[in-house]
Number of protein chains: 2
Amino acid sequence: MKTKGETRASDVHTRMRDDILSCELKPGEKLRFEGLKDRYDVSFSTLREALARLSAESLVVSEGQRGFVVAPVSVADLEDLTNARVLLEREVLRLSMEYGDDKWEADILASYHRMDRLQSRLGAHYYFDEEWARLHGAFHRSLVCACKSPVLLDMRLHLFDRANRYRRMSSQFRTKWRPKDVEHKSIMDAVLDREPDALKLIERHIRETTENVIEFAGHLFLQDEAAASVA
Amino acid sequence: MKTKGETRASDVHTRMRDDILSCELKPGEKLRFEGLKDRYDVSFSTLREALARLSAESLVVSEGQRGFVVAPVSVADLEDLTNARVLLEREVLRLSMEYGDDKWEADILASYHRMDRLQSRLGAHYYFDEEWARLHGAFHRSLVCACKSPVLLDMRLHLFDRANRYRRMSSQFRTKWRPKDVEHKSIMDAVLDREPDALKLIERHIRETTENVIEFAGHLFLQDEAAASVA
DNA sequence: CGCGCTTGTTTTTTCGAAATTTTTTTAGTT
DNA sequence: AACTAAAAAAATTTCGAAAAAACAAGCGCG
């Protein structure tokens, strides 16, 4: 069941990436080779390659010849990330709405449907579900994937993932979530109708999520505000 | 003369990066380990780590277990890059003009002066000079570095470098350049005066450079248009 | 003649031991 | 006790040989 052209290093990179984004490897945690070798069952050099990749993605930071550390978190970083996301997301959405064709619209409806179905099946707890997070990501990607700009899409995905780490962190420390199912629906409708307001809706969606995360989990990563600014 | 905390891998990464940006390693070129081992005088694993970093920066692309290739170039990629740059550059400039203080203004004047002095010393050929390119980059950075957004600055620099590769490519294939010295001066003045028009000026500056590159060197990389879109 | 298979060659990828560097511990001096 | 310096321990970084995979050439067969 191994995808063609997949190398051990790229596999470790993916797994490690997942572990960081899902906070199984905690922000600020020191990454010691001996431990990682056990955990992922590969050699030094292979690990090192994976870490180099992650470091270029700013999910881990490399400290000279003093090893690697999981990228720290801070309110300032989350806010910075949020502003950058708003800028990019608005632009790729705007372009998508301009260029999008029938297939694009169909894909949006399809991925919304998948997300929505799982959401009703899971009830109030959907917010903590891994699979839902995947479908949620796919839905948002489908909205903007017609923008014809690989460069912007790449950066957008990058920021999306980093922000997702914060969302998941916060989800570990709360038990309920007031469902805003309608929000996604209204965003989709506005996008499909090419309403200019769609840009405002997506911006509000992003900012509200951030505010929510800070409200619930902000105190958890207030301490290392300073550390994150070196990234 | 080795900077503290610099590892062999990061050194190779930097050198290789320079070689790619300066087109000493040509776009699309296959990167064979045996050859690189000679060129940079390091071992397999160390090379591999540098390549992994570069690949995450999309300066090289990795082809499954078929090795690495210098990222190809294309008109489409350059145009995509240019649009993304305009978006980011306008934003960081806007923010810088809002937050910038006295020190920021002083730094701008200083780096403009350095660039301008070298420019007059070099005459019409300044455009081909490595050192001028560095000072030019520093000047543009100084304009925007007060924006208080590490995330945006990071992405901006990334795009700036990638676009610079195109500029340098084109400079290899022309002998003269109509100097537009006044342009930088007028941008600087507008920025320091907090004129909203500065955003338009910077946008035009970026787009004109791109048009110029395409006009002079576009035909050189028209062939691999398709290849670049996989990046 | 084209197509698939086997074999030999080249290139990439992985491994773990050895070298280097940082961190911790210990001992000595003021 | 506080502060340095030296030695030991621990961790990271590098290396090149060995394993694995891709590629190329030759061979047999329908």
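Since this is a predicted model, take the numbers as computed values, not measurements. So that the names make sense, note that chain A is the first sequence line, chain B the second, and so on, each numbered from 1.
- Contact annotation: B/Arg8 side-chain N/O to D/dC15 OP1/OP2 distance is under 4.0 Å.
- Looking at heavy-atom distances under 4.0 Å, B/Lys37 makes no contact with the nucleic acid at all.
- Of all the residues in residues 10-20 of chain A, not one reaches under 4.0 Å from DNA chain D with any non-hydrogen atom.
- Remark: A/Arg53 engages A/Glu49 in a salt bridge, criterion side-chain N to carboxylate O under 4.0 Å.
- The pair B/Lys148-A/Asp80 does not count as a salt bridge, with every side-chain nitrogen at least 4.0 angstrom from each carboxylate oxygen.
- Of the residues in residues 44-53 of chain A, A/Phe44, A/Ser45, A/Thr46 come within less than 4.0 Å of DNA chain C through at least one heavy atom, sorted by number.
- Shown here are the side-chain contact (heavy atoms from CB on, under 4.5 Å) partners of A/Arg165, two or more places apart in sequence or in another chain: A/Ile20, A/Leu21, A/Cys23, A/Pro27, A/Val70, A/Ala71, A/Val73.
- The salt bridge (charged side-chain N to carboxylate O under 4.0 Å, His left out) test applied to A/Glu63 returns no partner, not counting sequence neighbours.
- Remark: B/Glu34 pairs with no residue by the side chain to side chain donor-acceptor pair (under 3.5 Å) rule, at least two apart or across chains.
- Fit an axis to the five pairs at each end of the helix from C/dC1-D/dG30 to C/dT30-D/dA1 and the two axes sit 20° apart, to the nearest 10 degrees.
- Annotation: side-chain contact (heavy atoms from CB on, under 4.5 Å) contacts of B/Ser96 (sequence neighbours excluded): B/Trp104, B/Val144, B/Ala146, B/Cys147.
- Between the CG atom of A/Leu36 and the P atom of D/dA11 there is a distance of 12 Å, given to the nearest Å.
- For the pair A/Tyr40 OH and C/dG16 P, the interatomic distance rounds to 19 Å; values are reported in whole Å.
- Taking the centre and axis of the six-membered ring of A/Phe68, the NZ or CZ atom of A/Lys30 falls outside the cone set by 45° and 6.0 Å.
- B/Leu118 is linked by a side-chain contact (heavy atoms from CB on, under 4.5 Å) to B/Arg121, B/Leu122, B/Asp129, B/Glu131, B/Trp132, B/Leu135, counting only residues two or more places apart in sequence or in another chain.
- Rounding to the nearest 0.5 angstrom, the gap separating the CG atom in B/Leu93 from the SG atom in B/Cys145 is 11.0 Å.
- For the pair B/Phe33 and A/Ser43, both in contact range of DNA chain C, the more 5′-proximal nearest nucleotide belongs to B/Phe33.
- Residues that satisfy the side-chain contact (heavy atoms from CB on, under 4.5 Å) test with A/Lys26, not counting sequence neighbours, are A/Glu29.
- Here the P atom of nucleotide C/dA17 and the CD atom of A/Glu34 are 11 Å apart, to the nearest Å.
- With a 6.0 Å cutoff to the six-membered ring centre and a 45° limit on the axis angle, B/Arg162 does not count as a cation-pi contact of B/Tyr166.
- As a whole-Å value, the separation of A/Leu31 CG from D/dA11 C1' is 13 Å.
- Considering only residues two or more places apart in sequence or on other chains, A/His140 meets the ring-ring contact (aromatic ring centres under 6.0 Å, His included) condition with A/His136, A/His184, A/His205.
- Residues passing the salt bridge (charged side-chain N to carboxylate O under 4.0 Å, His left out) test with B/Asp18: none are found, sequence neighbours excluded.
- If you measure from atom CZ of B/Arg66 to atom P of C/dT10, you get 20 Å, rounded to the nearest angstrom.
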Can you give me the N/O atom pairs linking the protein to nucleotides 7-10 of chain D at distances under 3.5 Å, or say none if there are none?
none

